[in-house]
2 protein chains.
Amino acid sequence: MPEFLDLHSRTTKVLRALADEAMRANGLHYGQHHLLAALWEQDGRTPGEVAAKLHVTTPTVVKMADRMTASGLLVRRRDERDNRLVRLWLTDAGRALREPVEAGRRDLEEKVTAELTDDERAALLATLAKVHATAERLVG
Amino acid sequence: MPEFLDLHSRTTKVLRALADEAMRANGLHYGQHHLLAALWEQDGRTPGEVAAKLHVTTPTVVKMADRMTASGLLVRRRDERDNRLVRLWLTDAGRALREPVEAGRRDLEEKVTAELTDDERAALLATLAKVHATAERLVG
DNA sequence: GGCAGATCATTAGACGGCAAACGACCCGAG
DNA sequence: CTCGGGTCGTTTGCCGTCTAATGATCTGCC
């Protein structure tokens, strides 16, 4: 079992569990934070735009938007000019989560990198970015 | 959006896509390789043992075993001494995949780390392992 | 020897992800 | 003006993952 791939996937699992836990504290599921973040940055995006921003497929966003609409975090409204488009708008409840969720996110980042020196942290970011770029070229 | 968490999750997505693609070349789905690897290492493990080895839950293994039994990669057999236990045994088809799958895995590891120097690679492994350990302590 | 509690696998149901098929809508070329 | 091709969102169906509930079996204690 290749060292890096194995270590990376194990790390993913643990980080995912922690992120899930942190989001549940705000009444959210894991992926919902990402969709909200896209709307916090710019409200009224379409599912396709959100999907591109999050690097996921459109159906994924549609499904998440279904659940989040049901739980009152956002509303769907058709674009007035182009009737093919749907725009996702935050509700007050969706907007209200921004501060606590972003705080939880920063807190988690802090905690998992707490045992690294500044140099280690910088090197980790740079090297991982290199791997990411290489991988992206392979998949594209 | 925290730098490391964000970069790590983007990397995960791309690596996952590449791994998926590599496994599909062998007629496998992404997760099935891990289950097979557990049995290549030691055939006849129980679902619970496999789950522990892979750091996933037992139901996950049960579902995967369902599909893999259906596609002829392994067979279920009850333990003779303890009838609560089920043991998963590789078929010839399951055993035959070992070489090509492991080769594809090594190939992917090589490719995504190709642009790193030896030092960078070593540092990446060490630092990521540190983060992993820290995170694991947080979740445990 | 029998019953209560522990141990296993399985089922049920939810979520995040993907690909493929479908349907509604827009727009530009005739 | 129309019609065909392109652009969207949605539906469907699958995989991997989790938690919670269910059911079967073993084991130790009385």
Side-chain angles (χ1 to χ4, degrees), chain A residues 9-10 12-21 23-24 27-38 44-52 54-71 73-88 139, chain B residues 9-10 12-21 23-24 27-38 44-52 54-71 73-88 139:
Chain A
S9 82
R10 283 202 320 269
T12 295
K13 234 180 274 281
V14 182
L15 289 181
R16 159 88 188 220
L18 289 173
D20 214 350
E21 183 183 322
M23 287 309 114
R24 237 193 328 270
L28 290 180
H29 293 280
Y30 172 77
Q32 303 187 339
H33 146 260
H34 296 292
L35 202 165
L36 286 179
R45 283 202 226 241
T46 67
E49 286 166 357
V50 172
L54 305 185
H55 302 103
V56 297
T57 62
T58 308
T60 297
V61 172
V62 169
K63 266 194 200 177
M64 285 180 29
D66 284 345
R67 298 180 198 122
M68 294 170 75
T69 298
S71 64
L73 295 173
L74 48 86
V75 294
R76 271 190 171 86
R77 211 178 306 149
R78 290 216 97 86
D79 187 288
E80 297 180 352
R81 303 192 189 170
D82 189 337
N83 252 298
R84 288 170 304 182
L85 302 182
V86 162
R87 297 202 169 273
L88 306 177
V139 76
Chain B
S9 83
R10 284 202 319 271
T12 295
K13 233 181 273 283
V14 182
L15 288 181
R16 159 88 188 219
L18 288 173
D20 213 350
E21 182 184 322
M23 287 309 114
R24 235 193 330 269
L28 291 179
H29 294 280
Y30 172 75
Q32 303 188 337
H33 146 260
H34 295 292
L35 201 163
L36 286 179
R45 286 201 223 240
T46 69
E49 287 166 356
V50 171
L54 305 185
H55 303 103
V56 297
T57 62
T58 307
T60 298
V61 172
V62 169
K63 270 194 195 178
M64 283 179 30
D66 284 345
R67 300 180 196 119
M68 292 170 75
T69 298
S71 63
L73 296 172
L74 47 85
V75 294
R76 270 188 172 87
R77 212 178 306 152
R78 289 215 98 86
D79 188 288
E80 296 180 354
R81 304 195 189 169
D82 188 336
N83 252 299
R84 290 171 303 181
L85 301 182
V86 162
R87 299 204 168 270
L88 305 176
V139 75

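Reminder, nothing fancy here: chain letters follow the sequence lines and each chain counts from 1. All values reported here derive from a predicted model rather than from experimental measurement.
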Asks: Taking only residues two or more places apart in sequence, or in another chain, which ones meet A:Arg24 in a salt bridge (Lys or Arg N to Asp or Glu O under 4.0 Å)?
Replies: A:Asp20

Asks: B:Thr46: which residues meet the side chain to side chain donor-acceptor pair (under 3.5 Å) condition with it, sequence neighbours left out?
Replies: none

Asks: Which residues satisfy the side chain to side chain donor-acceptor pair (under 3.5 Å) test with B:Ser9, sequence neighbours excluded?
Replies: none

Asks: Which atoms of nucleotides 22-24 of chain D (N or O only) lie under 3.5 Å from a protein N or O atom, and what are those distances?
Replies:
none

Asks: What is the 5' to 3' range of DNA chain C, first to last nucleotide, that sits under 4.0 Å from any heavy atom of chain B?
Replies: C:dT7 to C:dG17

Asks: My understanding is that only residues two or more places apart in sequence, or in another chain, count here; which of them pass salt bridge (Lys or Arg N to Asp or Glu O under 4.0 Å) with B:Arg87?
Replies: B:Glu49, B:Asp79

Asks: For the residue pair A:Leu15 and B:Thr12, establish whether any side-chain heavy-atom pair is separated by less than 4.5 Å.
Replies: no

Asks: Under the rule for ring pair (Phe, Tyr, Trp, His ring centres under 6.0 Å), what residues qualify as partners of A:His34, not counting sequence neighbours?
Replies: A:Tyr30

Asks: Run the side chain to side chain donor-acceptor pair (under 3.5 Å) test against A:Asn83 and tell me which residues pass, sequence neighbours left out.
Replies: none

Asks: Under 3.5 Å, which N/O atoms of the protein pair with N/O atoms of nucleotides 13-19 of chain D?
Replies:
unit_1	atom_1	unit_2	atom_2	d
D:dG13	O6	A:Lys63	NZ	3.3
D:dC15	OP2	B:Arg67	NE	3.4
D:dG16	OP1	B:Gly31	N	3.1
D:dG16	OP2	B:Arg67	NH1	2.6
D:dT17	O4	B:Lys63	NZ	2.6
D:dC18	OP2	B:Thr57	N	2.7
D:dC18	OP2	B:Thr57	OG1	3.1
D:dC18	OP2	B:Thr60	OG1	3.1

Asks: 5'-most contact on DNA chain C: A:Arg81 or B:Asp66, nearest heavy atom basis?
Replies: B:Asp66

Asks: Compile the donor-acceptor pairs under 3.5 Å between side chains in residues 59-69 of chain B and protein atoms, sequence neighbours left out, one pair per line.
Replies:
unit_1	atom_1	unit_2	atom_2	d
B:Thr60	OG1	B:Thr57	OG1	3.2
B:Asp66	OD1	B:Arg76	NH1	3.1
B:Asp66	OD1	B:Arg76	NH2	2.9
B:Thr69	OG1	B:Ala65	O	2.7

Asks: Students often get this wrong, so: under 4.0 angstrom with heavy atoms, is A:Arg78 touching a base, only sugar-phosphate, or nothing?
Replies: nothing

Asks: List in chain and number order the residues that pass salt bridge (Lys or Arg N to Asp or Glu O under 4.0 Å) with B:Arg77, two or more places apart in sequence or in another chain; answer none if no residue qualifies.
Replies: none

Asks: Residues in side chain to side chain donor-acceptor pair (under 3.5 Å) with B:Arg16, at least two apart?
Replies: none

